[in-house]
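Single-structure report; data block below.
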Amino acid sequence: MPDPVGKLPSELDQLPDRDAEETAEWAASLDAVTEHAGPHRAAYLMRRTLQHAESAGIPVPALLETDYLNTIPTAAEPAFDGDEAMETRIAGWNRWNAAAMVTRGARLGVGGHIATFASAAWLYETGFNHFFRGKEGEGSGDQLYIQGHASPGIYARAFLDGRLTEEHLDNFRQEAGGKGLPSYPHPRRLPWLWEFPTVSMGLGPLSAIYQARFNRYLTNRGIKDTSASHVWAFLGDGEMDEPESTAALALAAREGLDNLTFVINCNLQRLDGPVRANFKIVQELESQFRGAGWNVVKSLWGSAWDELFALDTTGALVRRLRAVPDAQFQTYATRDVAYIREHFFGAEPALAELAKLLTDAKIAECFHTSRGGHEARKVYAAYRAALAHKGAPTVVLAQTVKGYTLGAGFESRNANHQMKKLSGEQFRAMRDLLELPIPDSTLNEELVPYAHPGADSPEVRYLQERRAELGGPAPARRVHAVALPQPSEKAFQSVYKGSGKQSVATTMAFVRLVKDLMRDKETGRRWVPIVPDEARTFGMEALFPSAGIYSPLGQTYDPVDRDQIMYYKEAKDGQILNEGITEAGSMADFIAAATSYATHGETMIPFYIFYSMFGWQRTGDQMWQLADQLGKGFIVGATAGRTTLTGEGLQHADGHSHLLAATNPASLNYDPAFAYEVAVIVKDGLRRMYGPDAEDVFYYLTVYNEPMPQPAMPEGVEEGIVKGLYRFKEGVPAKADAPRLQLLASGTAIHWALEAQELLAAEWGVTADVWSATSWGELRREALECDEALLRGEQRTPYVTRALDGAQGPVLAVSDWMRQVPDQISQWVEQDYSSLGTDGFGLSDTREAARRHFGVDARSVTVAALAQLARRGEVPASSVKEARERYGL
């Protein structure tokens, strides 16, 4: 409770004070400084004292925020390792061509973004010339997460380097003909250049963290030494609003990922206006990253500010810079000097006096253009500091002007993100500012030219020499994947035999299969099990002692369950990535492992197992990121379906993930009913993704937590399992003219269909054939391919049509999913087709009650089958009424 004067208690009140008199003397000294020199002086002394304590190793809490200044003073900047004038010319060519490419495309209405790269050009140029390691040197090179809207600048540099032609640039955002450039970093569309898709904001920073962590994982497990690789993530300050952008900051610090650098382009603007109009985004980000344990390097001011800081003997300038909100500072960049003198320097007498010493030209230079992110030396110093720091990741906060060098109509304007072109006059002004040798005669108002100094020019030679020293061109994607040998048949054969009388859920069957595959001498070490906590829910605790849970620290404690067989074992070379409660982090893990075949030339086999409901629904954007990045592996939606997870209810009941998964062209989606089907699908997946003719696809399998006896695999069903449909149990007619129908079921619904088959035969004299539909999605995919072939004049009959050819009676499809899932195939089924499903919201109850609620239990299937036959006149309508009453429907 607070004391009578309102003073709140502090944690210090709980600590013994061995010398209260000395403590009082320190407090009195601070009061005296405040009284005689002012609160600013007192605050300065406190900060310097804390800084000294930190450098002396005294354990005091670190400051979360520093003054609005460069972390590295000009006098402490390292020598610049390069030809600054040459690099300025190179940057000028790149700026011009990026703007020209987007402007030329604007004639066709394809759009593009200019202002982002204009502000960030030096952040990239300095990295390409001095830091980013290519893939032609030793190791894997660096991993570059390029800010999506900056792609025109990256294309412009590749054009200067000779990797792209004018034809490529003129096909920016025009990909249909096969010669175009994608709008943003898309490996699937331009796989030799882009490694990482980043324009879905927030996913880049999250993925970069887990990529850096996976690099360490590969090293610690002895797969590949990645210690020379560094992960660079280029981000916008507005992008940091996304929850994924900051979701894993603590992980990066906790695991000491000093192989990771975030470069945040702080141009103070997002897509529609200021990032923090009434606040300061740089200071906010500094506090956030420092609080998470990151090293922070601020590069805010260009060298023109050195004179102003030297004249600031009272600290008034620093205080004013810290106080001015971002939106106002953005305004200064667009106003004349008189406005700046009045509104900035006029805030207090000391600043007014300082301003008298400054020329109008100096004030204009400082407030309009001079930023730390626009000077090669400032950026170079920040990057050097980032690489030199050990034990924690680094974030570089670089201040820039959005639209820099594009002219007054672009710079710092709220609308510049939507501005797609420059006028001829603006191009002429830009040419003069950049000092490019482009004659007026070539500046056609309608079609501004690309500019290139020549393949043998000093600029191009310099650029290529620098890249050669750093290991070749960047960004670049290289695939040196070696096909993995197929694992031993032993693991699969044990599943094919079935479980006899033992009840086994398909979730457990999958885990047991993978556990056996992880013992394979050739490929076992390449499996990467990933789980977002609740491994025991999926029966994965058996993997803990044998495979180990990855931790870069190993196990620094005695686990509470050490005396048990399946104890919680962490190890530096652990194989399992147990991520805690983060589906997003687990998916980022999966993406890093799924694309290691390209990033590091090391093929890994990730499988990510999760509550089915929290997969596609919760991290669907990352599933598309995985597809864009050409990832491979097994995504496993466990405890699948809307009715199998008893008691959990609406938020856990998944009846739609297969519908969401069906929208992704790279996802092969299966809903197996039996353990042997799981084994066949996994075996085929290993062949398709990791065999000699590897495909850029991934698998989505749904498995269930409902224990059932697992039958042995019938002969000759492998092809049907892979293609998506086969007849599991043929009905035996009681008499020759018995009505007949076809029951198609997937996943756990096969058991309702089999029970309905018995009810129909025993109580209604109806014969039903039961088919296992292992993949509604694959049936549809193949049928669509047949339709496309027809447009080309090729006559092909879909597999589902051929499989059901000659099957008597109507077709009734049933699953634990929304009816739209099985309805994907309806147009290619020639028989009368209807379906049952679990449409609507989930609910808490027993499995039996939930299935009756949705009308998919065996008795509901029986009534629906009779109704379908009655409509055809094959059974009396009275039978349907009688069945409803008998079964309580």
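Source: prediction; values computed, not measured. Starting from 1, each residue takes its place in the sequence as its number.
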Exercise. Could you walk me through whether Y699 and V682 pass the side-chain contact (heavy atoms from CB on, under 4.5 Å) test, one step at a time?
Key: CA-CA 9 Å; Y699 277 61; V682 169; over 6 Å; no
Quiz item: Roughly how far apart are M818 CE and H658 NE2, rounded to 0.5 Å?
Solution: 13.5 Å
Self-check item: Non-neighbouring partners of E244 that pass side chain to side chain contact (heavy atoms under 4.5 Å, CB included), sequence neighbours left out
Solution: L203, L206, E242
Quiz item: Rounded to the nearest 0.5 Å, how far apart are OG1 of T523 and CD of Q486?
Solution: 8.5 Å
Exercise. Just do the side-chain contact (heavy atoms from CB on, under 4.5 Å) check on V732 and T767 with the steps written out, would you?
Key: CA-CA 6 Å; V732 179; T767 304; over 6 Å; no
Quiz prompt | Main-chain N/O of T644 paired with R847 side-chain donor or acceptor, under 3.5 Å | solution = yes
Quiz item: Yes or no on side-chain hydrogen bond (donor to acceptor under 3.5 Å, both in side chains) for N705 and T639, after CA distance, side-chain angles and deciding distance?
Solution: CA-CA 5 Å; N705 69 323; T639 60; over 6 Å; no
Practice problem: Mind jotting down which residue pairs meet the salt bridge (charged side-chain N to carboxylate O under 4.0 Å, His left out) criterion with at least one end in residues 602-620? Sequence neighbours excluded, please. | Solution: R526-E602, E583-R618
Exercise. Kindly compute the distance separating OG (S551) from CD1 (I576), expressed to the nearest 0.5 Å.
Key: 13.0 Å
Quiz item: If you measure only the distance, is there a donor-acceptor pair under 3.5 Å linking the side chains of S746 and W776?
Solution: yes
Quiz item: More than 12 non-hydrogen atoms from neighbouring residues, nucleotides or ligands closer than 6.0 Å to OH on Y567, yes or no?
Solution: yes
Quiz prompt | Heavy-atom check, side chain of M540 versus side chain of I609, under 4.5 Å | solution = yes
Self-check item: Chi angles and distances behind the salt bridge (Lys or Arg N to Asp or Glu O under 4.0 Å) call for R213, E255
Solution: CA-CA 8 Å; R213 181 174 186 252; E255 299 204 0; 3.0 Å; yes
Self-check item: Full working for side-chain contact (heavy atoms from CB on, under 4.5 Å) between Y700 and S612
Solution: CA-CA 10 Å; Y700 177 53; S612 173; 3.6 Å; yes
Quiz item: Can you list the residues that meet the salt bridge (charged side-chain N to carboxylate O under 4.0 Å, His left out) rule with E695, with sequence neighbours excluded?
Solution: R688
Self-check item: Partner residues of D561 under the salt bridge (charged side-chain N to carboxylate O under 4.0 Å, His left out) criterion, sequence neighbours left out
Solution: R536
Quiz item: Looking at CD of Q502 and CD of Q710, how far apart are the two atoms once the value is rounded to the nearest 0.5 Å?
Solution: 9.5 Å
Self-check item: Side-chain donor-acceptor contact under 3.5 Å, T219 with T226
Solution: yes
Quiz prompt | Qualifying residues under side chain to side chain contact (heavy atoms under 4.5 Å, CB included), relative to V514, sequence neighbours excluded | solution = F510, M518, W527, F607
Quiz item: With distance as the sole test, does D839 use its side chain to make a donor-acceptor pair with the main-chain N or O of R819 at under 3.5 Å?
Solution: yes
Quiz item: Between S835 and D823, do the side chains contain an N or O donor and an N or O acceptor separated by less than 3.5 Å?
Solution: yes
Quiz prompt | Side-chain heavy-atom pair H751, M708 within 4.5 angstrom cut-off | solution = yes
Practice problem: Would you kindly say whether E570 and Y568 are connected by a side-chain donor-acceptor distance under 3.5 Å? | Solution: no
Self-check item: S667 (side chain) donor-acceptor with N664 (main chain) under 3.5 angstrom
Solution: no
Quiz item: Is there side-chain contact between V531 and S586, with heavy atoms separated by less than 4.5 Å?
Solution: no
Exercise. Give a yes or no on whether the backbone of P810 and the side-chain of Q868 come within a donor-acceptor separation of less than 3.5 Å.
Key: no
Quiz item: Any luck finding a side-chain donor-acceptor pair between Q625 and D621 under 3.5 Å?
Solution: no
Self-check item: Residues in side chain to side chain donor-acceptor pair (under 3.5 Å) contact with Q493, at least two apart in sequence or another chain
Solution: E489
Quiz item: Between atom CH2 of W828 and atom OG1 of T801, what is the distance when rounded to the nearest 0.5 Å?
Solution: 9.0 Å
Quiz item: Can you name the one residue among I681, V678, D684 that meets side-chain contact (heavy atoms from CB on, under 4.5 Å) with I721?
Solution: I681
Quiz item: Who are the ring-ring contact (aromatic ring centres under 6.0 Å, His included) partners of Y611, not counting sequence neighbours?
Solution: F538, F614, H652
Quiz prompt | salt bridge (charged side-chain N to carboxylate O under 4.0 Å, His left out) pairs, two or more places apart, involving residues 704-717 | solution = E706-R851
Exercise. Taking T774 for its side chain and Y670 for its backbone only, find out whether a donor-acceptor pair lies under 3.5 Å.
Key: no
Quiz item: Are the side chains of S494 and D516 in touch, meaning some heavy atoms are under 4.5 Å apart?
Solution: yes
Quiz item: Y608 and F610: aromatic ring centres closer than 6.0 Å?
Solution: yes
Quiz item: Between the side chains of D671 and W817, does any donor sit under 3.5 Å from an acceptor?
Solution: yes
Quiz item: Do the ring centers of Y217 and Y550 come within less than 6.0 Å of each other?
Solution: yes
Quiz item: Quick one: are L812 and Y833 in side-chain contact, heavy atoms under 4.5 Å?
Solution: no
Self-check item: Side chains of H853 and D845 in contact at under 4.5 Å (non-hydrogen atoms)
Solution: no
Quiz prompt | Test salt bridge (charged side-chain N to carboxylate O under 4.0 Å, His left out) applied to R216 - qualifying residues, sequence neighbours left out | solution = D258
Quiz item: Would a 4.5 Å heavy-atom cut-off, applied to side chains only, mark L836 and V861 as touching?
Solution: yes
Quiz prompt | Partners passing salt bridge (charged side-chain N to carboxylate O under 4.0 Å, His left out) against D520 (at least two apart in sequence or in another chain) | solution = none
Quiz item: Short question: side chain of D654, backbone of H656 - any donor-acceptor pair under 3.5 Å?
Solution: yes
Quiz item: Is there a side-chain contact (heavy atoms from CB on, under 4.5 Å) between R525 and R221 once you walk through the steps?
Solution: CA-CA 9 Å; R525 65 197 294 262; R221 286 200 53 219; 3.8 Å; yes
Quiz prompt | Residue pairs, two or more places apart or on separate chains, that pass salt bridge (charged side-chain N to carboxylate O under 4.0 Å, His left out) and touch residues 623-643 | solution = K632-D696
Practice problem: Kindly compute the distance separating OH (Y799) from CG (L804), expressed to the nearest 0.5 Å. | Solution: 9.0 Å
Practice problem: May I ask you to decide if the ring planes of F674 and Y676 are parallel, tilted or perpendicular, using 30° and 60° as cut-offs? | Solution: parallel
Self-check item: Contacts of type side chain to side chain donor-acceptor pair (under 3.5 Å), residue S772, not counting sequence neighbours
Solution: E677
Quiz item: Going by atom types only, do S860 and Y887 share a side-chain donor-acceptor pair under 3.5 Å?
Solution: no
Practice problem: Please indicate whether K224 has more than 12 foreign heavy atoms, meaning atoms of other residues, nucleotides or ligands, lying under 6.0 Å from its NZ. | Solution: yes
Practice problem: Kindly say whether A627 contributes a backbone atom to a donor-acceptor pair with the side chain of R188 at under 3.5 angstrom? | Solution: yes
Quiz item: Less than 4.5 Å apart, any side-chain heavy atom of V770 and any of I750?
Solution: yes
